[in-house]
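To keep things clear, I will list the structure first and then write my remarks on it.
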Amino acid sequence: MNYRTSVALILVAVFAVAAQAGTISGKVSGVAGESVVYVDTIAGREPPSIF
Amino acid sequence: MFWLSVGGNKKLGHNLGTWPKGEKRPFKFDSPGAVPLLCNVHPEMAGYVVVSPTPYFAVTDKSGQYKIENVPDGTYSVVAWHEGAKNQSKSVNVSGSATADFTLTK
């Protein structure tokens, strides 16, 4: 594997990582049992909707 | 089976009545929010449908922890709901990963 190929593979890996979607995590406290957490829409930003 | 409201909007509440076993009656939820499902025969029977406007949602585990994956980067309003508690929403900026903790009150 030559130098150019190695650099190309590294760049592909970097862009692949950057293109991954994110994760929202956390904790709901103050209540007992299960809760539901969902992403709502905000003005000017419309994530993919199921409606 | 009937529900009093959809996402707090009482105008959307209605009664599907009772029907024979095996019969199905469709209903489309087109407004986000929590829908309490009640039975007009058995008052102890109740359930909830939480209608999310996006495919990004999670149910917490018994300790209250949750994780919503594959959320596109951006800034969103994240809402936490629990039966009998006041909803809480927070603005969250997702860039790879983000954390949002909620403390709900009744």
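Just so we're on the same page: letters track the sequence lines, and every chain starts at 1. Because the structure is a prediction, the values reported are computed rather than measured. As a basis for the values below, the full set of heavy atoms in this structure was taken, side chains included, without hydrogen atoms, waters or symmetry mates.
- Checking side-chain atoms of A:Ser35 against main-chain N and O of B:Thr60 turns up no donor-acceptor pair under 3.5 Å.
- Atoms CD and CH2, on A:Glu34 and B:Trp81 in that order, are 10.0 Å from each other to the nearest 0.5 Å.
- Under the 4.5 Å side-chain heavy-atom criterion for grouping Ile, Leu, Val, Met, Phe, Trp and Tyr, B:Phe27 is connected to B:Leu37 within one hydrophobic cluster.
- The same ILVMFWY cluster, assembled from side-chain heavy atoms under 4.5 Å apart, contains both B:Tyr66 and A:Val39.
- For chain A, the nearby part of B:Val94 is the side chain; its heavy atoms alone come within less than 4.5 Å.
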Acceptor/donor pairs from residues 24-32 of chain A side chains to any protein atom, 3.5 angstrom cut, sequence neighbours excluded:
unit_1  : atom_1 : unit_2   : atom_2 : d
A:Ser29 : OG     : B:Phe102 : O      : 3.3
A:Ser29 : OG     : B:Thr103 : OG1    : 3.3

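- Side chain of B:Ser77 to main chain of A:Asp40: no donor-acceptor pair is present (N/O by atom type, distance under 3.5 Å, no hydrogens or angles).
- Taken together through direct or relayed side-chain contacts under 4.5 Å among Ile, Leu, Val, Met, Phe, Trp and Tyr, B:Tyr48 and B:Phe57 form part of one hydrophobic cluster.
- Heavy atoms of B:Ala80 lying under 4.5 Å from chain A belong to its backbone as well as its side chain.
- Hydrophobic clustering (ILVMFWY, side-chain heavy atoms < 4.5 Å, transitive): B:Met45 and B:Val35 are in distinct clusters.
- Of the atoms belonging to B:Val50, it is side-chain heavy atoms, and not backbone ones, that fall under 4.5 Å from chain A.
- Using a 4.5 Å cut-off on side-chain heavy atoms (C-beta onward), A:Val37 and B:Val78 make contact.
- For B:Ser63, the side chain to side chain contact (heavy atoms under 4.5 Å, CB included) test picks out B:Asp61, B:Gln65, with sequence neighbours left out.
- Distance check, rounded to the nearest 0.5 Å: OG1 of A:Thr23 to CD1 of B:Ile68 gives 9.5 Å.
- In plain terms, the two heavy atoms of B:Pro72 and A:Ala21 that are nearest each other are N-CB, 4.3 Å.
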